[in-house]
Amino acid sequence: MKKTENKKKNFITANFSIAGNYIKEKYPFLLLLFFGFLIIAGINLLKVSTSNSVAGFDLQDFEIGMIADRTIIAERTLPPDAIDTVTVMKGEKVIKKGFPVTEEGYAKLRKMSLSSVVIDYRAFANNVLYLFLIAVAWYLLYSFFKFGRKIKLREPLLQVILFLILYSTATFSSRFSFFANPFSICIVIPVGLCVMLITILYGELSAIIFAFISGLSIIVACGWTLPPALFVLASSLCAVSIVRKIERRLDLVFASIVLSIFDVIMMLFLIIIFNEDITNKGYIFVGIFLNGFLSGILTLGFLTPLEYMLNSASVFRLMDLSDLNNPLMQKMLITASGTYNHSLMVAQLAESGCREIGANPLIARVGAYYHDIGKVDQSEYFVENQTGTNKHDDINPTLSASIIKSHVKKGVEKARSLHLPQVIIDVISEHHGNSVIAYFYNEAKEKDPSLTPEDFSYPGNPPSSKESAVVMLADTVEAACRTLENPSVSRLEKFITQLVNAKMEHKQLDNCDLTFKDVTKIKQAFVQILVGYYHSRIEYPDQQDPDKAAEKKDEK
């Protein structure tokens, strides 16, 4: 019995410990979910307290003479007044299930629905419970899906803000008679704007999740009507599919036109499916078209400030950073030309490798451009920039290792001062992982056997994303293959395999999601690029060796 009780206690203790650690790690996201839900609950309370509803059902659900399908009991006493002389007593059965609704009963229902002191708590509870389930589903989707990157708090924060704007607009616009129709309300719901921003800033997976959550929630905001929800869902998915592959800001204008046309067609289908009278509905089509068009234009306006505020790696910002004419890259070209050319080659390899495995090639390319920016200030200490003398010949191996290691830290500092996206900073800090600087470690070990590998290890962490891992491999392969004699296809394949296997053996690829299949594809992509780079060229008949030509000139 004691053993059983101890097992139960240990089991309970272990579970509490797991739950505690999870809350400790995720508490910012949980707090965001909690406060976001409180705001939504407040919006619903305001909606219910100002709506003409009774016991969870709209007044329009009742008619004089119809057989009541429920019994409604008054929760408060409502005395007569100058406008409405009807009296309602607390506890009174206003209508009874199975009996027809009388004129007096309907008048009392109307008085209850119009009274500012009567709040339909049943309708409020229904809405809040439904939205709570959606909030939990939203959180779980973000917990279970693999996004291939770290989820920062600013991402769900932006989505919660956009969701509140979307939900509030749909909720309070329906109070106006012009937007009371479930089809006309779609004119003012800014779903295209919200989804376009999320797609560009954080990718299509985040936007698709937001689209489904928004579609389900709009049902409540629009009084449990289906057409607005279907429109929001269809328009959202269309916006995601249009925007996810654009690479220029000007493309947003064309994307908005395409979205506008799709929205109009979708609205036409909904009107036909729900047997709505299409006459006198021209204003809806015009409004829907303007909604889609303005979504793209407003996205273009909001995008730049949001990119810098959220420090996101949107496709447009990455394209701007890939421009090699920026001052930093021009400085690298002048002061560290070897590092500059090395970075270009690494970018080509990394981009090709990421494209083969389905990772983001643009992040890899930009990360490769900037991965060695920490070398700019002390470029002469790095072999690719040396033209004869080696600075390390005059200093001890420990100091040499410190200088080599420092370029990672300096690179991160420069990247932060330039306000580069976090994914690029991660590539810079992780492109050497925590690997050992073997050359100087072996040299120092001969002089002092007490030294440990940790003293000669880079200060970073192993790559945490596929893009960062591919840049690490590309950096290693490009630097090492320069020393390879007679770089044929077979020799390159064997050499690259050795280099990649060494990284795996030293556990530098343990924190990313690369599979063995991915690694094979990356190696093949590297070989293909390097074979083209190192291919042999035909010697032209009049081509002479410059050294031999100089010797002949001296002899004459």
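All of these numbers come straight from a predicted model, not from anything done at the bench. Along the sequence shown, the residues carry numbers beginning at 1.
- Contact of the P459 side chain with the K405 side chain is registered, since non-hydrogen atoms from C-beta on lie closer than 4.5 Å.
- With sequence neighbours excluded, no residue forms a ring pair (Phe, Tyr, Trp, His ring centres under 6.0 Å) with F316.
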Handout entry: Intermediate values then yes/no, side chain to side chain contact (heavy atoms under 4.5 Å, CB included), L310 and K152
Key = CA-CA 10 Å; L310 302 173; K152 302 292 184 180; over 6 Å; no
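- In this structure, F526 and S352 have side chains that are not in contact, with every pair of non-hydrogen atoms separated by 4.5 Å or more.
- Put simply, the side chain of S429 gets close to the backbone of D426: a donor and an acceptor are under 3.5 Å apart.
- A donor-acceptor contact shorter than 3.5 Å is absent between the side chain of N44 and the backbone of F124.
- Taking the six-membered ring where the residue is Trp, Y458 and H432 present parallel rings, their angle staying beneath 30° rather than reaching 60°.
- Taking OH of Y340 as the start and CD1 of I373 as the end, the distance is 14.5 Å to the nearest 0.5 Å.
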Exercise for the section: Determine, stepwise, if the pair S206 / Y142 fulfils side chain to side chain donor-acceptor pair (under 3.5 Å). Expected result: CA-CA 8 Å; S206 294; Y142 256 85; 3.2 Å; yes
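- Applying the salt bridge (charged side-chain N to carboxylate O under 4.0 Å, His left out) rule to R248 yields the partners D251; only residues at least two apart in sequence or on another chain are considered.
- Here the shortest heavy-atom pairing between F145 and I209 reads CD1-CD1, 3.9 Å.
- Residue pairs meeting the side-chain hydrogen bond (donor to acceptor under 3.5 Å, both in side chains) criterion with at least one partner in residues 358-369, sequence neighbours excluded, are E351-R365.
- Side chain of T520 to main chain of F516: a donor-acceptor pair is present (N/O by atom type, distance under 3.5 Å, no hydrogens or angles).
- Contacts classified as side-chain hydrogen bond (donor to acceptor under 3.5 Å, both in side chains) and involving residues 497-508 (residues at least two apart or in different chains) are given here: N434-Q508.
- For F302, there are no ring pair (Phe, Tyr, Trp, His ring centres under 6.0 Å) partners at least two apart in sequence or on another chain.
- Legend: ring pair (Phe, Tyr, Trp, His ring centres under 6.0 Å) pairs involving residues 459-478, not counting sequence neighbours: none detected.
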Practice task
For T339 and D372, run side chain to side chain donor-acceptor pair (under 3.5 Å): C-alpha distance rounded to whole Å, both residues' side-chain angles, the deciding distance at 0.1 Å, then the answer.
Solution key: CA-CA 7 Å; T339 300; D372 272 344; 5.5 Å; no
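- Considering all non-hydrogen atoms of both residues, V264 and I288 come closest at N-CG2, 3.8 Å.
- Under the 4.5 Å side-chain criterion, counting only non-hydrogen atoms from C-beta, N291 is not in contact with V188.
- Closest non-hydrogen pair, I165 versus P190, comes out as CG2-CG, 4.4 Å.
- Looking at E467, its side chain never comes within 3.5 Å of a backbone N or O of A359 through a donor-acceptor pair.
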Practice task
Show your working on side chain to side chain contact (heavy atoms under 4.5 Å, CB included) between L233 and L216 and close with a plain yes or no.
Solution key: CA-CA 8 Å; L233 180 59; L216 292 172; over 6 Å; no
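- Using a 4.5 Å heavy-atom threshold, the side chains of L530 and L349 count as touching.
- Here the side chains of L259 and D263 are in contact, with some heavy-atom distance below 4.5 Å.
- The local environment of CD in Q528 is sparse, with at most 12 non-hydrogen atoms from other residues, nucleotides or ligands closer than 6.0 Å.
- Side chains of L45 and V128 form no contact here, defined as non-hydrogen atoms less than 4.5 Å apart.
- When all heavy atoms of T171 and A221 are compared, the pair lying nearest together is OG1-CB, 3.5 Å.
- Close placement of the F37 and F132 rings is indicated, their centers lying within 6.0 Å of each other.
- A side-chain donor-acceptor contact under 3.5 Å links S379 to the backbone of T335.
- Contact check for C512 versus S465: no side-chain heavy atoms found under the 4.5 Å cut-off.
- Applying the salt bridge (charged side-chain N to carboxylate O under 4.0 Å, His left out) test to K414 and every residue at least two apart in sequence or in another chain returns D377.
- A donor-acceptor contact shorter than 3.5 Å links the side chain of N326 to the backbone of D323.
- In this structure the side chain of D518 never reaches within 4.5 angstrom of the side chain of V470, judged on heavy atoms.
- Without hydrogens or angle criteria, D475 side chain to V346 main chain gives no donor-acceptor distance under 3.5 Å.
- Listed for the S184 side chain is a donor-acceptor partner under 3.5 Å among the backbone atoms of N181.
- F382 meets the ring pair (Phe, Tyr, Trp, His ring centres under 6.0 Å) test with H407; sequence neighbours excluded.
- For T199 (side chain) and E204 (main-chain N/O), no donor-acceptor pair under 3.5 Å exists by modelled atom type.
- Sequence neighbours left out, the pairs with a member in residues 220-270 that pass ring pair (Phe, Tyr, Trp, His ring centres under 6.0 Å) are Y130-W224.
- Under a 4.0 Å N-O distance rule, the pair K375/E384 qualifies as a salt bridge.
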Practice task
Carefully, step by step, assess M196 and V240 under the rule side chain to side chain contact (heavy atoms under 4.5 Å, CB included).
Solution key: CA-CA 7 Å; M196 282 183 173; V240 173; over 6 Å; no
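- Among residues two or more places apart in sequence or in another chain, the ring pair (Phe, Tyr, Trp, His ring centres under 6.0 Å) test is passed with H342 by H371.
- Dense packing is recorded around OH of Y283, with more than 12 heavy atoms of other residues, nucleotides or ligands lying under 6.0 Å away.
- Annotation for K410: atom NZ counts as buried by contact number, over 12 foreign heavy atoms lying within 6.0 Å.
- Partners of D320 according to the salt bridge (charged side-chain N to carboxylate O under 4.0 Å, His left out) rule, which considers only residues two or more places apart in sequence or in another chain, are R249.
- The nearest pair of heavy atoms linking S217 to Y167 is O-CE1, 3.5 Å.
- Closest non-hydrogen pair, V366 versus S322, comes out as CG2-CB, 4.0 Å.
- Within a 6.0 Å sphere centred on CZ of F212, other residues, nucleotides and ligands contribute 12 heavy atoms or fewer.
- For the residue pair S468 and E430, a side-chain donor N or O sits within less than 3.5 Å of a side-chain acceptor on the partner.
- Although no hydrogens or angles enter the test, the distance criterion places no donor-acceptor pair under 3.5 Å between the side chain of S337 and the main chain of I334.
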Practice task
Check the pair N311, R317 against side chain to side chain donor-acceptor pair (under 3.5 Å), reporting the backbone distance first and the verdict last.
Solution key: CA-CA 10 Å; N311 197 23; R317 191 168 179 213; 2.9 Å; yes
Exercise for the section: Step by step, work out the side chain to side chain contact (heavy atoms under 4.5 Å, CB included) result for V500 and M504. Expected result: CA-CA 6 Å; V500 173; M504 296 172 66; 4.2 Å; yes
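- Checked against salt bridge (charged side-chain N to carboxylate O under 4.0 Å, His left out), E155 has the following partners two or more places apart in sequence or in another chain: R149.
- Judged by a 6.0 Å distance limit and a 45° cone about the ring axis, R154 is not positioned over the six-membered ring of Y202.
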